[in-house]
Amino acid sequence: MNLITKTEELVKEILEQNGYGIQNVVLENTSRPDLGQFQINVAMSIAKKIHCNPLNVATKIKNELNKSELFYNVNIAGAGFVNISFSNNTLIGFANEYLKDLKQAFTTDYKKKIFIDYGGANIAKALHVGHLRSADIGEALKRLTQMLGIEVVSDVHFGDIGRQSGIIISEIKRNFPDLVFFDLNFKGKYPTNIPITAKDLDVLYPIASKDAKESEERMEEVRQITSDLESGNKGYIALWNIIKKLSIKNIKKIYARINTSFDLWEGESDCYPYIPTILEHFKKNNFMYESEGAYVIDVAEEDDELKIPPLIVIKTNGSTVYGTRELATLYSRIKRFKPDEIWYVVDNRQEMYFKQVFRAAYKTGLVPKTTELKFAGFGTMNGNDGKPFKTRDGGVMQLTDLLDSVKQISLEKLNPSITNTKQREEISKKIAVSAVKFADLLPNRSTDYIFDIDKFVSLEGKTGPYLLYSVIRIKSLLNKAIAKGLSIGKIEILTGATDKDILSKLVTLNKMLNKAFYTQSVNDIAEYLYNLITTYNKFYSENNILNEQNIKLRDSWLALSQLIYNISKSLIEILGMEIPEKM
Ligand code: ARG
């Protein structure tokens, strides 16, 4: 039973029966919680259309709804806003359904297949904070989609080709010039190991990258190696494959720390087999043409306000680029998975590039018009100065360093009564992940936000640790009840105060989840979870649940607590956080 749809349908019927025709009715969140739980504003729009008094329309709705047992105290405010509240019985019945089977809250009419591209870590380069948001948002979207029962395929889309390969290989060549990978006359079998660890890569890469930026000579060497690798230098290929393996193993560990994993761990280079096919297709159909020695595809459209430049597919030196690989990857994804939608959870700064890619993909027919390509861009995590978050010395902040420092702070703040060192480690890891993730997911994805460790790890305020703490407290209440020999059953009565407020929030859960899915905005879930928990906490502090003398009320409150625990747990899981046993 979906109470929202049911109410909207009822109001539609009332309007139709009273001669107002078929109207679009939306049950909205109230702006006057003192007057009702929800609000319907359709009277105003009807009055405008047919020039009548909105109060007349509102009165019809009010009188009819008040006849139904579903509602309680339907009233009119102002010019014709209808305030609606559900009766205790309605809310109790609804809540008990969720208590019996919470899956009912996680349903959708959407029946298609989604492919999500997120993560986007680059091989041989350390993950930096810029990769955090893609992982957090993408993982939450994937989990939400799965929870709603929608088919989804996720891919990390490693950056495993391009200049970084040249940079790292050139540095290894300097340090170990005698390795057989660099011997052009080598005819044997290449070794599968190198005297380098994943940690070494993190050190070697910045050194070489800095040098290449400062010296044109070094940059030229890097370009040459990159180009040789792409055009088939066997030694470089063998070496790059070893680096890739090392690096991927390390990257997987970091993703695991933030509870992120993928169905496909593919990279840009996996599209290589498809490149000749798409280039041939572009050539044959005159989609690409030569421009100043390069090959490009026009993507501009007549009514563009801003001029959109053509997408380069072959550079002047004959090699392919990021965009070429993007198109070939798209071709492969469509061919192999036939998704109805492909979502890209990528930094806003790549928006223009994706616009070019999407247009080129549709124009050339690589992607059918029936497949929707969506750019789910996100804003930057900034430092206090409002610029992208940096280390103290101005360098790019590595993700592992950030996670380590948040974990350290969480550990120092952890309840001293927890003494087992291993347990302290485990708990503070979970708290740190919740602090970082919740802060990352709470702002609307397209806006920037300021990273403030002290605020994020705080137990007070809109934070991950506050949520975990609250949920653990509910669990402990339930455990105490069970230890007292009580059993958790159904909700039977309410006092009609804060307990009712909590239940009225549940009515919108399903709608909220669907909106988050359709608009790729998991911040709605973060916001909802926070509101639900704060309302529950208010209720918790107002009542002494276990000592309530009215047994029926006490048991109803325990059941209500169980339900809030179940819902919070599911939402926390969608957001990619984990609940420690205690904290
Ligand atoms: N590796 C890229 C980066 O670090 C992100 C990849 C985004 N996904 C894509 N399909 N291009 O910027």
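For ligands, and for the atoms within them, numbers begin at 1 and follow the listed sequence.
- For Y344, there are no side chain to side chain donor-acceptor pair (under 3.5 Å) partners, not counting sequence neighbours.
- Residues passing the salt bridge (charged side-chain N to carboxylate O under 4.0 Å, His left out) test with E326, sequence neighbours excluded: none.
- Salt-bridge formation is detected for the pair R174/D211: a Lys NZ or Arg NE/NH1/NH2 atom is positioned less than 4.0 Å from an Asp or Glu carboxylate oxygen.
- With salt bridges taken as basic N to acidic carboxylate O contacts below 4.0 Å, one links E139 and R143.
- E230 and Y236 are not linked by any side-chain donor-acceptor pair at a separation below 3.5 angstrom, with hydrogens and angles left out of the test.
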Starting from the N and O atoms of ligand 1, collect every protein N/O partner closer than 3.5 Å and put each pair on its own line with the distance to 0.1 Å.
| unit_1 | atom_1 | unit_2 | atom_2 | d |
| --- | --- | --- | --- | --- |
| ligand 1 | 1 (N) | G120 | O | 2.8 |
| ligand 1 | 1 (N) | N122 | OD1 | 2.8 |
| ligand 1 | 4 (O) | G120 | O | 3.4 |
| ligand 1 | 4 (O) | N122 | ND2 | 3.0 |
| ligand 1 | 4 (O) | H131 | NE2 | 3.2 |
| ligand 1 | 8 (N) | D117 | OD1 | 3.3 |
| ligand 1 | 10 (N) | D117 | OD2 | 2.9 |
| ligand 1 | 10 (N) | E326 | OE2 | 2.6 |
| ligand 1 | 11 (N) | Y322 | OH | 2.7 |
| ligand 1 | 11 (N) | E326 | OE1 | 2.8 |
| ligand 1 | 11 (N) | E326 | OE2 | 3.4 |
| ligand 1 | 12 (O) | Q350 | NE2 | 3.1 |

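- Scanning for side chain to side chain donor-acceptor pair (under 3.5 Å) contacts around Q520 gives an empty result, with sequence neighbours left out.
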